[in-house]
K.L.:
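My structure is below; once you've seen it, I'll send some questions.
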Amino acid sequence: MSALLDARGLRLAFGGVKAADGIDLSVMAGEFLAIIGPNGAGKTTFINMATGYLRPQAGTITYDGAEITGRPPREIVRRGIARSFQLPQLFSEHTVEQNIALAIASRAGIFSPLAPLLRPAWREEGAELLERFGLLPVARQRADALNEGTRKLADIAMAVALKPRLLLMDEPTSGVAASEKMAVVETLVRVLRQAGVTAVFVEHDMDVVERFADRVAVWSQGRIAALGPPAEVLADPAVQRDVIGIARHA
Amino acid sequence: MTLPRMEALLGLLVAALLVLAALSTPWMKFVLTIALAKGIAVLGILLLLRAGQVSFGHALYVAIGAYSVAFLAPSIPDAALLLPAAALVATLAGALIGLFVSRYREIFFGMLNLALSMVFYSMLEKFYHLTKGTDGIRVPPLTAAGMTLDRVTFEWTVFATALVLALAFGAFARAYLLSPMGEALGAIKTRETRLEFMGVSPRRVLLSAYILSAMMAGCAGALVAMTTRHVTPLLSYWTASGELVFIAILGGAGGVLGPFLGAIAYELVRVYAAATVADMWQMILGAVLLLVILFARGGIWGLLSARAGKGAGA
């Protein structure tokens with residue numbers, strides 16, 4: 001496996017708080033990498049830097065052999081990196097179907113001023129994607145009428161509609177009811193594996209990490225404290241004390 | 001019945017009523033041509049409203065269109081050439097200014113447009129040797145596609161042109177709003193950042209709508225100049241921009257017919273109010289706007305479409 005995303009020496013501080021303090025991380029093509037760590041450890045900051053929302057003060061990020069450090073989000077998306085958000089970022093006045101179609105349009109060409117957004121080809125592609133996510137029954141509902149779990153899935157479905165090679169997900173299961181969590185993640189993993197998407201996801205649920213991640217990176221105060229297979233990393237007493245203990249009591 | 005179909009049928013019905021009104025009451029032709037011109041300008045504002053942006057300075061482009069006609073008429077005295085020329089000048093101005101203002105949102109977007117329209121107003125007022133200041137410029141008699149027409153026939157020609165343009169722009173705006181670009185305007189209103197993370201430039205989406213709105217306002221200005229045959233800096237004054245926003249609220253931003261219904265209602269209320277209570281027509285218009293804001297947020301179009309929806313459901 002080769003590195004699809006490679007971060008070297010990333011540093012970023014907000015005032016005196018070091019959100020990234022020398023991050024070195026390679027994400028291998030095809031893997032599912034979980035990022036765990038206490039709140040404020042810099043997990044979201046890493047996603048924000050990798051997707052162009054924040055520019056690191058030092059260090060480089062390389063994607064598929066090309067440096068993307070500090071490039072704008074639009075350019076990074078076009079290169080094949082998509083993201084979903086901790087708080088779902090849906091177009092609230094549009095239906096779920098329209099949200100997905102807008103994502104497809106963004107990928108396929110938005111500057112077609114007279115053909116409708118819900119043209120047959122995009123509608124069909126959107127319906128197929130929504131079906132895979134189990135969202136077809138809510139396709140015609142406005143995004144602001146959905147419950148949190150459904151919004152979360154729709155948010156990820158929008159990112160998948162961009163057909164990325166790498167998907168960065170910020171807490172994909174937060175807000176999802178505990179009883180639905182495993183089913184949601186199973187659906188998600190199945191869809192992403194089928195599409196051959198490499199995934200990085202920030203997660204607080206260790207059961208999810210243990211079951212679905214190929215590797216896990218432990219974030220602590222802007223640094224990677226541990227990296228490896230879940231069984232090995234999660235068994236580390238320091239990780240159990242400093243991260244899992246906190247996560248379980250969070 | 002789908003929204004575009006309902007709009008198309010109602011649009012044709014309104015067009016037929018306008019023709020009948022103009023035929024039965026000749027002086028009405030002037031009022032309705034101005035109303036159609038303003039409706040076209042407001043249609044452009046509606047595109048921006050879809051993105052949640054209100055321009056308080058779009059009279060700038062109406063004035064640019066009107067003054068283009070006034071400046072060019074001595075050398076190109078033909079309405080068929082002046083109309084596209086005015087639209088082109090307004091489009092170019094919209095592209096240039098849009099590059100700047102499309103970076104801003106909400107109150108900054110609105111006030112920047114207002115400021116620019118007032119700068120243009122001052123230029124028209126101060127550069128007397130070019131613009132004849134507040135006296136304005138008289139537009140000479142024009143031919144229409146090479147034909148010399150008597151006054152009444154020319155007025156009918158301008159009225160018909162305004163009507164055809166209103167229908168064409170209405171159909172275009174409906175298709176545009178349903179297209180990815182149009183829907184992306186709504187996305188700017190609710191979650192602009194997400195568009196960036198989908199690889200789309202919100203600024204470019206807004207700029208496209210801004211240029212289209214400038215072009216429409218430019219056409220409106222040309223029609224106003226051809227109808228009134230006299231252009232003054234007041235066309236660019238802030239109250240003229242406010243009037244366009246007033247019409248947008250009165251007509252309703254929910255459909256492409258709203259701007260035209262609003263403009264017709266506005267002009268008719270103004271004409272009749274001014275004729276009956278000369279000193280109080282602004283107060284009557286203000287009261288109408290207040291009633292719309294309090295009891296009919298969707299404007300005239302909102303009332304009509306709700307009624308049509310109930311009818312269809314019955």
Side-chain angles (χ1 to χ4, degrees), chain A residues 47-48 50-53 71-85 87-95 97-119 122 142-144 151 154-155 158-164 167-168 170, chain B residues 2-5 7-8 43-44 47 49-53 91 102-103 168-213 215-216 253-254 256 297-298:
Chain A
I47 290 185
N48 284 339
T51 53
Y53 190 66
R71 302 306 304 161
R74 280 202 311 276
E75 186 188 319
I76 290 175
V77 169
R78 287 174 192 281
R79 286 174 183 264
I81 302 178
R83 72 170 292 181
S84 66
F85 297 81
L87 296 172
Q89 301 285 303
L90 304 175
F91 304 122
S92 55
E93 291 181 3
H94 287 87
T95 63
E97 182 182 43
Q98 287 172 322
N99 270 272
I100 298 295
L102 270 166
I104 295 170
S106 305
R107 186 197 78 222
I110 198 162
F111 290 100
S112 47
L114 292 176
L117 173 69
L118 292 177
R119 62 195 70 176
W122 291 357
R142 264 174 63 131
D144 55 4
R151 284 166 57 79
D155 186 63
M158 281 175 77
V160 173
L162 298 169
K163 294 197 172 167
L167 177 61
L168 304 168
D170 198 353
Chain B
T2 61
L3 177 69
R5 184 179 282 263
E7 282 178 329
L43 189 62
L47 298 181
L49 282 174
R50 198 50 71 95
Q53 309 306 317
T91 305
S102 62
R103 291 169 181 269
F169 278 133
F172 172 80
R174 169 43 60 213
Y176 189 80
L177 288 172
L178 289 174
S179 77
M181 288 289 280
E183 297 288 2
L185 287 172
I188 288 177
K189 184 179 169 189
T190 55
R191 201 72 73 181
E192 180 168 345
T193 316
R194 182 69 192 241
L195 275 182
E196 289 270 0
F197 283 101
M198 295 192 333
V200 175
S201 162
R203 195 182 150 205
R204 206 171 292 177
V205 172
L206 186 62
L207 177 62
S208 306
Y210 192 86
I211 294 172
L212 283 174
S213 72
M215 187 258 283
M216 289 182 197
V256 296
R297 286 282 177 91

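On a predicted model such as this, the values are computed, not experimentally measured, just so you know. Chain letters run A, B, ... following the sequence lines, proteins first and then strands; every chain starts at 1.
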K.L.:
Is the cationic atom of Arg194(B) (NZ for Lys, CZ for Arg) positioned less than 6.0 Å from the six-membered ring centroid of Phe91(A) and within 45 degrees of its normal?
P.N.:
no

K.L.:
Between Glu97(A) and Thr95(A), is there a donor-acceptor pair closer than 3.5 Å when you use the side chain of the first and the backbone of the second?
P.N.:
no

K.L.:
For chain B, which candidate among Arg107(A), Glu75(A), His94(A) shows the most heavy-atom pairs at distances under 4.5 Å?
P.N.:
His94(A)

K.L.:
Just so I understand: if I count every heavy-atom pair under 4.5 Å between each of Met181(B), Arg204(B), Lys189(B) and chain A, which residue has the most?
P.N.:
Met181(B)

K.L.:
At a heavy-atom separation under 4.5 Å, does Leu212(B) approach chain A through its side chain, its backbone, both, or neither?
P.N.:
neither

K.L.:
Heavy-atom cut-off 4.5 Å, strictly under: side chain, backbone, both or neither for Ala101(A) against chain B?
P.N.:
neither

K.L.:
Can you tell me which of Ile76(A), Leu118(A), Leu102(A) forms the most heavy-atom pairs within a distance under 4.5 Å of chain B?
P.N.:
Leu102(A)

K.L.:
Using non-hydrogen atoms only, which part of Ala115(A) is less than 4.5 Å away from chain B: side chain, backbone, both, or neither?
P.N.:
backbone

K.L.:
Does Arg83(A) use its side chain to pair, donor to acceptor, with the backbone of Leu168(A) at less than 3.5 Å?
P.N.:
no

K.L.:
Could you tell me which portion of Asp144(A) (side chain, backbone, both or neither) has an atom closer than 4.5 angstrom to a non-hydrogen atom of chain B?
P.N.:
neither

K.L.:
Which region of Leu162(A), side chain (C-beta onward) or backbone (N, CA, C, O), has a non-hydrogen atom less than 4.5 Å from a non-hydrogen atom of chain B, or is it both or neither?
P.N.:
side chain

K.L.:
Could you give the distance from CG (Asn99(A)) to CG (Leu90(A)), rounded to the nearest 0.5 Å?
P.N.:
5.0 Å

K.L.:
Measuring from atom CD1 of Ile104(A) to atom CE of Met198(B), what distance do you get when rounded to the nearest 0.5 angstrom?
P.N.:
10.0 Å

K.L.:
Relative to each other, are the rings of Phe197(B) and Tyr53(A) parallel, tilted or perpendicular (30° and 60° limits)?
P.N.:
tilted

K.L.:
Between Ser208(B) and chain A, which part of the residue has a heavy atom less than 4.5 Å away: side chain, backbone, both or neither?
P.N.:
side chain

K.L.:
Using 0.5 Å steps for rounding, measure from the OG1 atom of Thr190(B) to the CD atom of Gln89(A).
P.N.:
10.0 Å

